[in-house]
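Working notes, structure below.
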Amino acid sequence: MRTQYCGHLNKSLAGQTVELCGWVNRRRDLGGLIFIDMRDREGIVQVVVDPDMKDVFEVANQLRNEFCIRLTGEVRTRPESQVNKDMATGEVEVLANGLEIINRSDVLPLDFNQTNTEEQRLKYRYLDLRRPEMSDRIKLRAKASSFVRRFLDDNAFLDIETPVLTKATPEGARDYLVPSRVHKGSFYALPQSPQLFKQLLMMSGFDRYYQIVKCFRDEDLRADRQPEFTQIDIETSFMSADQVREVTERMINEMWKELLNVDLGAFPVMKFEEAMRRYGSDKPDLRNPLELVDVADILKDVDFKVFSGPANDAKGRVAVIRVPGGAQLSRKQIDEYTKFVGIYGAKGLAWMKVNDREAGFEGIQSPVAKFLNEDVVAQLLDRTQAESGDIILFGADKKRVVEEAMGALRLKLGTDLELTDTKAWAPLWVVDFPMFEEDDEGNLHAMHHPFTSPLGVSPEELKENPAAANSNAYDMVINGYEVGGGSVRIHNADMQATVFDILGINAEEQQLKFGFLLNALKFGTPPHAGLAFGLDRLVMLLCGTENIRDVIAFPKTTAAACLLTDAPSVANPAALEELAIAVQVAQKETEEQK
């Protein structure tokens with residue numbers, strides 16, 4: 001039905017007759033002539049309808065925005081004075097000699113010239129995707145996927161599919177369950193990742209595997225999370241962590257060069273401990289110059305338990321952020337930041353304005369100054385390298401609370417005070433994560449997953465002091481987003497059993513949940529390692545947006561609902577009966593409604 005895309009027309013086609021299909025982006029009636037801005041997925045071109053073409057002109061008079069049309073016409077160059085430099089096709093126009101209305105359009109529930117609510121955009125997503133901005137994002141996503149396949153194919157990786165209906169495994173979130181009709185009372189789990197299957201592929205001898213695959217996690221959502229997401233899954237045998245990082249860093253570097261013409265350069269490598277100490281986050285945004293500075297040693301003996309308590313607690317931390325020029329912050333603004341850190345469990349936010357650095361104690365202004373002496377203030381000013389006009393913000397609490405609260409505050413200050421260089425790119429690797437993390441009850445949990453190999457210890461040494469062990473894991477971070485993470489996997493049955501023991505998974509449960517993996521580890525398992533990228537997050541960064549819903553064709557809301565299809569929905573009672581499932585919540589709600 002078409003010979004060209006609207007957005008591909010240029011001066012080289014002048015004098016040629018083309019056939020176009022698309023939508024009316026805008027119609028302008030200038031009396032003697034009708035101008036149509038015609039749009040398809042590749043762009044917009046101006047169409048001119050002359051009244052001398054009576055049949056065409058009559059049809060053009062009927063056109064309204066978003067009518068679907070087919071058009072034939074001659075490409076001609078515009079006069080120099082009429083060239084539209086804001087359009088890719090701005091040097092040409094099409095003189096219509098044939099026009100057909102394929103389908104008319106009702107008045108749209110979305111206004112493409114105004115800001116629509118998120119709910120409207122998701123409910124009428126098929127219309128929202130017509131917007132050039134959204135179309136460009138989906139096309140860039142397609143280019144990114146295509147690049148990944150080409151790169152990995154060229155580097156001897158094999159694209160191998162793994163099951164979607166599988167068995168529940170501990171991956172850090174709740175599983176989405178699928179009931180079995182044949183095996184009543186039993187359920188499949190949708191994979192949170194193909195973790196075990198890709199390890200089994202390494203044991204099968206496929207030493208370089210990849211897959212662009214859907215994964216599912218039932219967890220609380222946010223701007224960069226969806227219940228179903230797309231993962232670039234990569235696994236290798238006989239490659240070290242450094243080699244895995246090298247090939248995947250090269251892939252991302254070349255992707256940025258091809259799609260954005262940006263050279264990310266060599267990625268710096270930072271240990272987890274340093275990232276948490278300096279930035280309060282294991283995915284630090286290095287575009288932001290603010291850092292956390294530890295001051296517990298300075299405040300151990302002050303007569304202020306808010307400071308001295310955590311300063312003398314092995315599990316506590318006292319850290320500050322020096323904000324250049326922050327003394328201009330009003331009390332109202334400081335109170336707002338105090339409320340903000342409260343979201344992360346902080347009980348307050350002490351502050352110290354440095355009005356005159358040279359005046360020392362006399363040059364500061366702070367509600368906690370009465371608890372500090374001249375020597376303590378001098379040490380704080382020296383440690384933070386504070387200058388006149390700065391403000392110092394204090395976080396004092398349990399280590400985790402301080403890191404989460406001050407890490408989040410650092411990011412907010414960077415945005416609010418325009419300290420973060422939003423035009424820069426800041427990639428890095430974070431390595432040497434703790435093998436385990438401790439919950440409030442003192443129980444140990446795998447920081448990544450229980451198949452991650454510890455770094456440089458034997459099973460006996462790991463069992464003796466698990467809390468001190470690091471894992472051979474690595475995360476790729478770009479502009480404060482974790483875009484990919486991976487590790488060297490455990491390829492020894494004794495080590496895997498030891499990790500399970502530490503996590504409180506007894507021998508019987510090990511066999512029940514992971515017997516197939518433990519058995520496979522006994523048959524010449526090669527050393528293997530891998531990494532998985534979040535394709536949605538990568539494309540989000542490539543597109544310059546901050547919400548992955550903007551780069552997914554049909555996303556869910558933060559309540560994991562699809563406004564377009566009204567999913568999830570109540571199941572047919574007959575289907576539930578066949579599956580031997582009784583939905584008690586739905587019955588209770590029905591009774592309440594009666």
Side-chain angles (χ1 to χ4, degrees), residues 1-114 124-143 146 258-259 261 543 553:
M1 295 180 70
R2 63 153 64 100
T3 60
Q4 301 283 342
Y5 281 110
C6 296
H8 289 173
L9 300 184
N10 54 51
K11 291 171 67 174
S12 70
L13 297 171
Q16 296 186 26
T17 297
V18 295
E19 299 177 15
L20 307 175
C21 293
W23 289 265
V24 176
N25 196 66
R26 186 171 62 146
R27 173 187 172 277
R28 290 165 288 151
D29 189 340
L30 301 185
L33 297 172
I34 292 177
F35 290 89
I36 305 164
D37 287 347
M38 186 174 177
R39 186 192 74 245
D40 59 22
R41 77 170 207 194
E42 295 300 314
I44 298 175
V45 69
Q46 177 174 284
V47 176
V48 182
V49 183
D50 194 300
D52 292 340
M53 303 290 293
K54 292 184 179 179
D55 292 344
V56 178
F57 198 81
E58 184 179 337
V59 177
N61 260 322
Q62 304 174 43
L63 298 182
R64 296 295 181 269
N65 286 2
E66 297 308 309
F67 274 32
C68 183
I69 61 175
R70 180 174 180 267
L71 180 144
T72 60
E74 179 187 337
V75 180
R76 64 184 190 182
T77 57
R78 294 198 203 184
E80 188 65 33
S81 61
Q82 296 179 21
V83 170
N84 186 342
K85 296 181 180 179
D86 294 329
M87 291 174 60
T89 61
E91 293 183 315
V92 297
E93 62 187 12
V94 178
L95 179 63
N97 54 42
L99 178 60
E100 172 192 354
I101 297 176
I102 297 175
N103 248 321
R104 297 170 183 268
S105 173
D106 290 344
V107 176
L108 297 183
L110 297 181
D111 187 342
F112 289 175
N113 297 314
Q114 296 182 17
Y124 299 99
R125 189 62 163 187
Y126 48 88
L127 296 177
D128 188 44
L129 290 173
R130 289 184 188 177
R131 294 191 298 122
E133 180 183 27
M134 290 301 298
S135 177
D136 288 345
R137 289 168 177 168
I138 298 302
K139 287 190 292 182
L140 185 57
R141 182 188 179 107
K143 290 178 181 178
S146 176
E258 179 170 314
L259 301 182
N261 195 28
C543 290

The test is side-chain contact (heavy atoms from CB on, under 4.5 Å); show your working for I138 and L129 and say whether it passes. CA-CA 8 Å; I138 298 302; L129 290 173; 4.1 Å; yes

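- Of the candidates L99, V49, I34, L99 is the only one forming a side-chain contact (heavy atoms from CB on, under 4.5 Å) with V59.
- Here the CZ-CD distance, from R78 to Q46, works out to 4.0 Å after rounding to the nearest 0.5 Å.
- One N or O on the side chain of D40 and one on the backbone of C6 form a donor-acceptor pair closer than 3.5 Å.
- A salt bridge is defined here as a Lys NZ or Arg NE, NH1 or NH2 lying under 4.0 Å from an Asp or Glu carboxylate O, and R27 with E66 fails to meet this definition.
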One pair to check against side-chain contact (heavy atoms from CB on, under 4.5 Å): V48 and F35. What are the steps and the verdict? CA-CA 5 Å; V48 182; F35 290 89; 3.6 Å; yes

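- Within a 6.0 Å sphere centred on CD of E58, heavy atoms belonging to other residues, nucleotides or ligands number 12 at most.
- To the nearest 0.5 Å, atom CD1 of residue I101 and atom CG of residue L63 are 5.0 Å apart.
- Annotation: the span from R26 atom CZ to N113 atom CG amounts to 8.5 Å, rounded to 0.5 Å.
- Panel note: side chain T3, backbone V18; no donor-acceptor pair is recorded below 3.5 Å.
- Considering only residues two or more places apart in sequence or on other chains, R64 meets the side-chain hydrogen bond (donor to acceptor under 3.5 Å, both in side chains) condition with none of them.
- Ionic pairing of E133 and R137 is present here: one or more N-O contacts between side-chain nitrogen and carboxylate oxygen are shorter than 4.0 angstrom.
- The ring-ring contact (aromatic ring centres under 6.0 Å, His included) search around Y124 returns none, not counting sequence neighbours.
- Rounding to the nearest 0.5 Å gives a distance of 11.0 Å between CG of D37 and CD of E93.
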side-chain contact (heavy atoms from CB on, under 4.5 Å) evaluation trace for L95 with M53: CA-CA 10 Å; L95 179 63; M53 303 290 293; over 6 Å; no

Working for side-chain contact (heavy atoms from CB on, under 4.5 Å), residues L20 and L9: CA-CA 10 Å; L20 307 175; L9 300 184; 4.1 Å; yes

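- The shortest heavy-atom contact between V47 and A96 is CG1-CB, 3.8 Å.
- Considering only heavy atoms from C-beta on, Q62 comes within 4.5 Å of R104 through its side chain.
- Looking at heavy atoms from C-beta onward, M1 lies in side-chain contact with I102 at the 4.5 angstrom threshold.
- Distance OG1/T77 to CG/L13: 12.0 Å, rounded to 0.5 Å.
- Partners of E91 by side-chain contact (heavy atoms from CB on, under 4.5 Å), not counting sequence neighbours, listed by chain and number: K11, V83.
- The backbone N or O of E19 sits nowhere less than 3.5 Å from a side-chain atom of R2 that would complete a donor-acceptor pair.
- Residue T89 holds its OG1 atom at 9.5 Å from CG of N10, rounded to the nearest 0.5 Å.
- Among the candidates T72, D55, V56, L71, the single residue satisfying the side-chain contact (heavy atoms from CB on, under 4.5 Å) test with N97 is T72.
- Residues D50 and L33 meet the side-chain proximity criterion, which asks for heavy atoms closer than 4.5 Å.
- Here the closest non-hydrogen pair linking N84 and D86 is OD1-N, 2.9 Å.
- Annotation: side chain of E42 is in contact with side chain of K139 (closest heavy-atom distance under 4.5 Å).
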